[in-house]
Amino acid sequence: MRQTAAGSVPAPNASRPGGIIAGLFCAVSAMQEKYLPQDIERHAQARWADTAAHRAADVSDKPRYYCLSMFPYPSGKLHMGHVRNYTIGDVLARYHAMRGFNVMQPMGWDAFGLPAENAAIANNVPPAAWTYSNIDHMRGQLKALGLAIDWERELATCKPDYYRWEQWLFTRLFEKGVIYKKMATVNWDPVDQTVLANEQVIDGRGWRSGALVEKREIPMYFFRITQYADELLTGLDTLPGWPERVKTMQANWIGKSVGVRLAFKVAASDELLWVFTTRADTLMGVTFVAVAAEHPLAARAAESNPGLAAFIAECKQGSVAEADMATMEKKGMDTGLKAIHPLTGEAVPVWVGNYVLMSYGDGAVMAVPAHDERDFGFAQKYGLPIKQVIGVEGEAFSADAWAEWYGDKQRGVCVNSGKYDGLAYADAVNAIADDLVALGLGEKKTQFRLRDWGISRQRYWGCPIPIVHCDTCGDVPVPAEQLPVVLPEDVVPDGAGNPLNRRADFVHCACPKCGAPARRETDTMDTFVESSWYYARYACPDANQMLDARANDWLPVDQYIGGIEHAILHLLYARFFHKLMRDEGLVTSDEPFKNLLTQGMVIAETFYREDASGKKTWFNPADVELRDGVHVCTTDTQPVTHGGTEKMSKSKNNGVDPQALIDQYGADTARLFTMFAAPPEQSLEWSDSGVEGANRFLRKLWKASFDHVQAGVVAAYAGGELDDAAKSLRRQLNHTIQKVTDDIERRKQFNTAIAANMELMNALAKFEGSDAVSRAVRQEVLESVVAMLAPIVPHICEALQAELKPGASLVWPTVDEAALVQDEIELMIQVNGKLRGQIRVPASADKAAIEALTLASDTVQKHTEGKPPKKVVVVPGRLVNIVV
RNA sequence: GCCCAGGUGGCGGAAUCGGUAGACGCAGCGGAUUCAAAAUCCGCCGCCGCAAGGUGUGGGGGUUCGAGUCCCCCCCUGGGCACCA
């Protein structure tokens, strides 16, 4: 099969200690004519392993570059999203290594989480065993991709030597009051008797039992992230290296709003009903007050009102997900209670509304139907009064239909508002707030949408919360010397509650304070906690403390790369955790990630068949082909329906297995295709024929180098007379170096960097000279292309470098400014903005000269029909526009 | 529902600061090579039109000498919405 001469020489055995010699061996053997990715990649990867080529030095003279890709959840095998994410990171890591940086690119495993429990239920395997075997498999796959990872820093969050430090920090924060306990609402499956994650609630029912889900209040531990809300918001301004859209999303999520907190007296009682509003200027238009179903006032009113009690019970059905809350039909019911308007003394009804969130503000809102769209709809539905208190010049108000200007605080002034009439938004808010303060019924207040972070999970496969419950001492944090609280790994969950509750050896313990028999907390932590600090632990994975000085040497991360789906939660929690660690003296920086690249999803076509009951069966695109314009399944040749292009997923069975791709074409082809098909931030559509194209280019690159090497390698061009063809090729080479450097370094857009190298290779293929100077130019082009592509397709480039320049390491090429100079340039000619022709002018020509040359040209004469120009626009280096 | 993106040939995409729309690749078509095929190489390739030319970046309007790019409105697709990670 491998018919070339090299087949007869002993294969380099790179796994023996003489790996470096084996690497050099390649350079002195005859070059293979055929591109054999499997051999090349095996050889290169063995050499990297033997020479510890990607080890990051904790101490070095070079500048540091910490390149981090979001670590994977060990789901079983690598998917294309991983390949994309890690190749992007690898390109940046290898590029910086070539530019002389001391690069750290670590890898680890976000190993706790729900899928392991689901797998356990399905296959009767302990989550721990399942997870560890997945990790072993996926580590092998990552190595086969040829990533420049320092594997000595590998960590897995499910290992006690990792999570013990998380538990340690938890106890510190608990004692400091940064972590506290309160009641919170969860999805409760009354049949399985278990708490459900939002994704386990489908159309209001439990995914396994099918039972109607209920909301239930349980005690939970919370991180006081709201205490850091302002810093998390202003900190965004210190992150110029983050995408604007991510910062906008985070800012909106934190949701700082300045407004007024004010109180209505509850009629016939001393009680005050507090509400928060950003529209105090509309206070005179309040026609009712709405409270959340969980509000104490609602509960009290329901005691003597069975109808209301039934309504509140109805509100407690369904999931707690905010998307569900916001899309459901707005419903409400009068409590019969009245609230006294703080300024007018008027009595307005108090309603319960299913759209009022208990978790925001005080769980109650003042309703101004005339100037809030949601209140407007609600008032119309229930026949509540609508009172206009804001007017805009020239606009007529109608209570029958909502108009955009009703809610616009920029345009209107107060009307029907007594002494506040004529005041614009800011003045009205101030005047009304002052009056409320004077009455003791209000205050100016800054409110955040952000809520405290509840981290208790009623699940087994997570980091145990290090708390012991003692009848006399209460909630006692586990002392440092008793950590870690180790999670038993031989447990198989069955889907009905947390199995830790049934593990007597885990639950029963002595109170750390008084020694009396006590119960260990069985809730585990949200897995977002582990992923909030792993980036710091990579710097010192062996430290016998949470972090040591090396963390500060490496942090902040220079480049973080991960999916856009993490724009808010993970990235906000990690930023918050970094500040917690800073305040504990563990790190000195304020932000964990200096530059952020959010990569798009990998998507593919979907195909399905629907049976009589409407159940869909999904077919993998690999098993579908187009025959006579109809998509058919290759195994039974029956037609399937095209279901659109969607994110690769198990449920739609449209995943492409990267392993098959690597086995067939090699890692370099997989890497090249994923980098070429789309820029990193966009979604990437999978295409089998695109993969063929990527492989074809690598074969061409190999062939061009082979042909050149066969005729004998020479020194790259360093000077000497060039003919026009050679000059033009060198100009293109240097333009390419300039562009590719900018594409990788600043734009982080690799598809255009690859395209530029393809163009250069196309130009090289047309370049014919075989004299000494031409051969030197060809050598220069090939060496440069190999260097520029090395971060993207490292295996083939290392092999080609060994042939083109034996013994020399890959160095990023620099631009020869002199090669860029041109004598003549081509300008486009437009007449009245329409393209009419081109003109060649000396590169040195000034605007006046260009204008004169253009006006004299046949093109202009023809299209202006001799009319004198009204205006001439000259854009240097681009075009001339004649306006007549 | 709310927040954030995106929409360009048959397809993936390019056009970086308002200045040649469609680079590069895929698919397709024509040719060379081959007993034949694969592979490879050369050429063509937005749409309408014989051509001159016209037209064209989701739809509608606007700013400008000039708009894929800026502004306003609308439509569609995707991401996130706090227990998927």
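Predicted, not measured: the structure shown is a model, and the values here were computed from it. Every chain is numbered from 1 and lettered A, B, ... according to where its sequence line falls, protein lines coming before strand lines.
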Rounding to the closest angstrom, what is the interatomic distance between U34(B) and G28(B) at atom P? 24 Å
If you take atom types as modelled and just measure distance, does the side chain of Asn881(A) reach the base of C65(B) with a donor-acceptor pair under 3.5 Å? yes
Under a 3.5 Å cutoff on both atom distances, Watson-Crick or G-U, what's the dot-bracket for RNA chain B ([ ] crossing, | other strand)? (((((((..(((......[....))).(((((.......))))).(((....)))..(((((..]....))))))))))))....
Nearest to the side chain of Asn762(A), heavy atoms from C-beta on, is which of G25(B), A15(B), G1(B)? G25(B)
Counting heavy atoms not belonging to Arg878(A), are there more than 12 under 6.0 Å from its CZ? no
Taking syn as within 90° of 0 and anti otherwise, name the glycosidic form of C35(B). anti
Ring pair (Phe, Tyr, Trp, His ring centres under 6.0 Å) partner of Tyr573(A), chosen from Tyr534(A), Phe223(A), Trp453(A): Trp453(A)
Closest to the Leu835(A) side chain: A21(B), C65(B), C24(B)? A21(B)
Could you check how far CE of Met601(A) sits from P of G6(B), rounded to whole Å? 14 Å
If you compare every side-chain N and O of Arg457(A) against the phosphate oxygens of C83(B) (OP1, OP2), does one of them come in below 4.0 Å? yes
Do Asp452(A) and Thr226(A) meet the criterion of a side-chain donor-acceptor pair at a distance under 3.5 Å? yes
Taking the minimum atom-to-atom distance to the side chain of Met828(A), which one of U20(B), C4(B), A82(B) wins? U20(B)
Please state the P separation for the pair G6(B) and G25(B) - nearest whole angstrom. 27 Å
With Lys739(A), the side-chain hydrogen bond (donor to acceptor under 3.5 Å, both in side chains) member among Asp742(A), Asp743(A), Thr736(A): Asp743(A)
Separation of Leu672(A) atom CG from G13(B) atom P, in whole Å? 16 Å
Any salt bridge linking Arg208(A) with Asp192(A)? Criterion: basic side-chain nitrogen under 4.0 Å from a carboxylate oxygen. yes
Return the nearest nucleotide to the side chain of Asn252(A); candidates are C4(B), C81(B), G25(B). C4(B)
Between Gln749(A) and A15(B), is there a side-chain N or O to OP1/OP2 distance below 4.0 Å? yes
Going by heavy atoms in the side chains, are Tyr162(A) and Glu166(A) under 4.5 Å from each other? yes
Quantified in whole Å, what is the P atom distance between nucleotide U57(B) and nucleotide G9(B)? 9 Å
C1' atoms of G79(B) and U69(B), separation to the nearest Å: 24 Å
Closest listed nucleotide, where the reference is the side chain of Lys739(A) and the choices are C84(B), U16(B), G80(B): U16(B)
Provide a list of protein-nucleic acid N or O atom pairs under 3.5 angstrom, restricted to nucleotides 40-43 of chain B.
| unit_1 | atom_1 | unit_2 | atom_2 | d |
| --- | --- | --- | --- | --- |
| U40(B) | OP1 | Arg699(A) | NH2 | 2.9 |

Ignoring the backbone of Met249(A), work out which of G54(B), G79(B), A82(B) is nearest its side chain. G79(B)
Conformer about C1'-N of G9(B) - syn within 90° of 0, anti elsewhere: syn
Does the U16(B) base have a donor-acceptor partner in the side chain of Arg746(A) within less than 3.5 Å? yes
Looking at the side chain of Ala323(A), which of C84(B), C81(B), C83(B) is the nearest nucleotide? C81(B)
Under 4.0 Å between a side-chain N or O of Thr752(A) and OP1 or OP2 of A14(B)? no
Taking the P atom of each, how far is C44(B) from A23(B), in whole Å? 12 Å
From CG (Leu236(A)) to CD (Glu244(A)), nearest 0.5 Å: 9.5 Å
For Arg836(A) and G66(B), is the shortest distance between a side-chain N/O and OP1 or OP2 below 4.0 Å? no
When rounded to the nearest 0.5 angstrom, what distance separates CG in Asn751(A) from CZ in Phe673(A)? 11.5 Å
Output the rounded distance in Å from CG (Asn198(A)) to P (G80(B)). 13 Å
The reported gap from CD in Gln599(A) to NZ in Lys748(A) (rounded to nearest 0.5 angstrom) is 14.5 Å
I'd like to know if Gln200(A) reaches the base of C84(B) with its side chain, counting only an N/O donor and acceptor under 3.5 Å. no
If I pick the P atom on U40(B) and the same atom on C26(B), what distance separates them, to the nearest angstrom? 9 Å
Quick check for you: among C83(B), G53(B), A14(B), whose closest atom lies nearest to any side-chain atom of Val195(A)? C83(B)
What is the distance from NZ of Lys870(A) to P of G66(B), rounded to the nearest Å? 11 Å
Interatomic spacing from CE in Met220(A) to CG in Asp526(A) - rounded to 0.5 Å: 9.5 Å
Between A21(B) and A67(B), how far apart are the two C1' atoms, rounded to whole Å? 11 Å
When you compare U20(B) with A14(B), how far apart are their C1' atoms, in angstrom units rounded to a whole number? 14 Å
Specify the separation, in whole Å, of atom CG of Leu879(A) and atom P of U20(B). 6 Å
Return the nearest nucleotide to the side chain of Phe528(A); candidates are G79(B), A85(B), A15(B). A85(B)
Are Phe112(A) and Tyr163(A) an aromatic pair, judged by ring center distance below 6.0 Å? yes
